[in-house]
Number of protein chains: 2
Amino acid sequence: MSLSTRGGTLGAMTVAARPYHHGNLAATLLEHAERALEERGAGELSLRELAREIGVSHAAPRRHFADKQALLAALAESGFERLEATLAGAVSEAAGRPFEERLTALARAYVGFAVERPALLELMYATKHDPAASDRLREAATRTFAIPLGVITDAQETGDVVPGDPEAVGIAAWATIHGIASMSGSGMLAPAELDALVAVAIERAVLGLRPR
Amino acid sequence: MSLSTRGGTLGAMTVAARPYHHGNLAATLLEHAERALEERGAGELSLRELAREIGVSHAAPRRHFADKQALLAALAESGFERLEATLAGAVSEAAGRPFEERLTALARAYVGFAVERPALLELMYATKHDPAASDRLREAATRTFAIPLGVITDAQETGDVVPGDPEAVGIAAWATIHGIASMSGSGMLAPAELDALVAVAIERAVLGLRPR
DNA sequence: ACCTGAACACCGTTCAAGT
DNA sequence: ACCTGAACACCGTTCAAGT
């Protein structure tokens with residue numbers, strides 16, 4: 001059984017014919033957990049309540065997730081996988097277009113994810129930062145951040161971005177995009193001004209990244 | 001009894017002669033809660049455990065805070081008051097110096113606060129964003145954000161920053177600073193590179209804010 | 001292999017009662 | 001005015017037992 005599979009099918013899952021006494025409890029648990037996470041926050045998430053909703057005994061989740069933290073870690077991992085796919089999709093759609101447009105596409109995709117699933121994104125960062133984080137989770141996070149790093153590397157090859165360690169070069173631009181995403185997630189930004197703000201931020205970032 | 005007073009004295013409090021059976025339980029509770037918050041996170045904070053640490057019955061906190069959420073809200077409010085004082089201090093120390101230096105001082109103070117008390121800062125934003133947030137808390141947040149807004153307004157008067165609604169004008173720069181603070185708080189940034197990153201970010205922000 | 005039900009040690013909140 | 005102790009309804013986790 002692979003978490004990747006669970007994560008990948010999480011969104012498209014159909015809940016046909018309630019699996020009674022057996023079935024794909026792990027995936028169903030993750031689905032319900034994610035909804036509870038966005039609706040009530042990680043602190044209020046109750047394993048017993050999830051089990052009740054699904055119609056299974058409170059001890060059943062134990063078969064699939066060792067404890068509450070393990071369930072949250074699986075949720076975070078599935079979040080990274082979906083974020084990676086989202087970012088990769090945005091970048092590949094903008095392939096061949098000017099650097100500024102590719103960066104804008106990437107930023108919009110990231111901010112869009114943050115606006116739609118703020119609690120999940122927060123959980124993803126918190127869980128990844130946790131010293132007890134699994135290798136699986138760390139690797140999923142690394143794969144995700146490889147997408148923006150790849151955009152920088154490509155732009156260095158075409159001369160749109162100053163040479164140097166891509167991570168060091170891009171960190172200020174990433175901080176801006178992350179800041180916009182974080183502020184959006186906690187409702188500090190009006191959705192109407194979001195697109196314009198991303199545009200301004202990217203314009204400045206591109207200026208800052210350009211060789212002189 | 002005023003929350004402002006509690007918050008204001010929180011840092012300087014001396015824990016002389018354990019207040020037994022009575023005393024300033026409210027302030028002591030806030031102190032212990034803040035340490036628990038930074039050490040274990042908001043989710044793991046237990047009122048009963050705090051009461052045990054302080055040596056008081058588990059029902060005693062009820063006298064001072066209606067429930068756990070009220071204690072967290074008081075903590076967030078005290079956080080905003082200290083952040084406001086920190087930012088105001090940084091700005092007033094840099095008074096009279098060039099705009100870029102004042103902005104750098106502000107950014108360093110904000111990022112410094114985020115690095116020292118990441119969980120508190122997160123709680124402050126979460127609590128402020130909560131629909132059930134009190135007027136007191138909202139006003140404390142407004143007073144805090146008035147500091148950076150004042151820096152923008154002053155710089156508009158001296159012609160260092162383009163005219164317009166200070167909030168709209170400064171939001172991209174603030175997103176960058178907030179992004180750096182947020183990433184620092186979750187351990188994504190090496191402390192060694194923090195100062196240089198702030199410098200680069202401010203340099204770009206100043207360029208973006210300057211009238212053309 | 002997967003799930004149940006009872007049990008344990010915790011928790012937040014309430015409330016009558018104490019000082 | 002401030003605190004206690006018992007009570008209630010929850011929670012996460014464990015484990016023998018069921019199918």
Side-chain angles (χ1 to χ4, degrees), chain A residues 1-3 5-6 15 17-37 39-76 123 126-127 130 132, chain B residues 1-3 5-6 15 17-37 39-76 123 126-127 130 132:
Chain A
M1 174 176 51
S2 125
L3 279 177
T5 307
R6 275 195 232 135
V15 196
R18 174 72 63 84
Y20 196 70
H21 264 226
H22 66 83
N24 54 347
L25 180 55
T28 310
L29 231 17
L30 283 173
E31 268 182 73
H32 281 75
E34 181 160 351
R35 200 170 39 199
L37 175 71
E39 282 174 6
R40 287 191 288 280
E44 323 306 317
L45 194 146
S46 154
L47 284 186
R48 285 177 106 113
E49 192 178 344
L50 292 181
R52 240 180 277 127
E53 279 175 18
I54 296 172
V56 91
S57 99
H58 67 262
R62 193 62 190 348
R63 279 292 126 189
H64 304 92
F65 303 102
D67 54 23
K68 189 176 175 177
Q69 189 47 48
L71 195 165
L72 290 176
L75 209 48
L123 175 73
T127 313
D130 191 318
Chain B
M1 173 175 52
S2 124
L3 280 177
T5 306
R6 275 195 230 137
V15 196
R18 172 74 61 86
Y20 195 68
H21 265 224
H22 67 83
N24 55 347
L25 180 54
T28 310
L29 231 15
L30 283 173
E31 269 182 72
H32 280 76
E34 181 161 350
R35 198 170 42 200
L37 175 71
E39 282 173 6
R40 288 192 287 280
E44 322 307 317
L45 193 146
S46 153
L47 284 186
R48 285 177 106 111
E49 193 179 343
L50 292 182
R52 237 179 280 127
E53 279 176 18
I54 297 173
V56 92
S57 99
H58 67 263
R62 195 50 187 2
R63 279 291 126 189
H64 304 92
F65 303 102
D67 55 23
K68 188 176 174 176
Q69 189 48 48
L71 195 165
L72 291 176
L75 209 49
L123 175 73
T127 312
D130 191 318

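Source: prediction; values computed, not measured.
Scanning for side chain to side chain contact (heavy atoms under 4.5 Å, CB included) contacts around B:A51 gives B:V56, B:P61, with sequence neighbours left out. Taking B:D67 as the reference, B:Q69, B:A70 meet the side chain to side chain contact (heavy atoms under 4.5 Å, CB included) condition, with sequence neighbours excluded. Not counting sequence neighbours, the partners of B:R40 by the side chain to side chain donor-acceptor pair (under 3.5 Å) test are B:E49.
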- Message: Using side-chain contact (heavy atoms from CB on, under 4.5 Å), reason through A:H32 and A:I54 one step at a time and then give a plain yes or no.
- Response: CA-CA 8 Å; A:H32 281 75; A:I54 296 172; 3.8 Å; yes
- Query: Where do A:H58 and A:L47 land on the side-chain contact (heavy atoms from CB on, under 4.5 Å) test, with the steps shown first?
  - Reply: CA-CA 7 Å; A:H58 67 262; A:L47 284 186; over 6 Å; no
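Look at CG on A:L72: it is 12 Å from C1' on D:dG12, rounded to the nearest Å. We find that CD1 of A:I54 is positioned 16 Å from P of C:dC2, with the value rounded to whole Å. Remark: C1' of D:dT13 and CZ of A:F65 are 16 Å apart, rounded to the nearest angstrom. The CD-P distance, from A:Q69 to D:dG12, rounds to 13 Å in whole Å. Atom NZ of B:K68 and atom P of C:dG12 are 5 Å apart (whole Å). Distance, B:L25 CG to D:dT4 C1': 13 Å, rounded to whole Å.
Distance OG1/B:T28 to CG/B:L50: 11.0 Å, rounded to 0.5 Å. We find the OG-CZ distance between A:S57 and A:R52 to be 11.5 Å, quoted to the nearest 0.5 Å. A distance of 9.0 Å separates OG of A:S46 from CD of A:E53, quoted to the nearest 0.5 Å. Here B:L45 contributes atom CG and B:E34 contributes atom CD; the two are 11.0 Å apart, rounded to the nearest 0.5 Å. Considering CG of A:L29 and CG of A:L75, their distance stands at 10.0 Å, rounded to 0.5 Å.
In this structure, B:L71 and B:A33 approach most closely via the heavy-atom pair CD2-CB, 3.5 Å.
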- Scoring nucleotides 14-19 of chain C by protein non-hydrogen atoms under 4.0 Å (B base, S sugar-phosphate only, - none) yields BB----
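Consecutive Watson-Crick or G-U pairing (both distances under 3.5 Å) extending over three or more pairs maps onto DNA chain D as C:4-8 with D:12-16, C:12-16 with D:4-8.
A heavy-atom distance below 4.0 Å to DNA chain C is reached by these residues of residues 43-50 of chain B, ordered by number: B:L45, B:S46, B:L47, B:R48.
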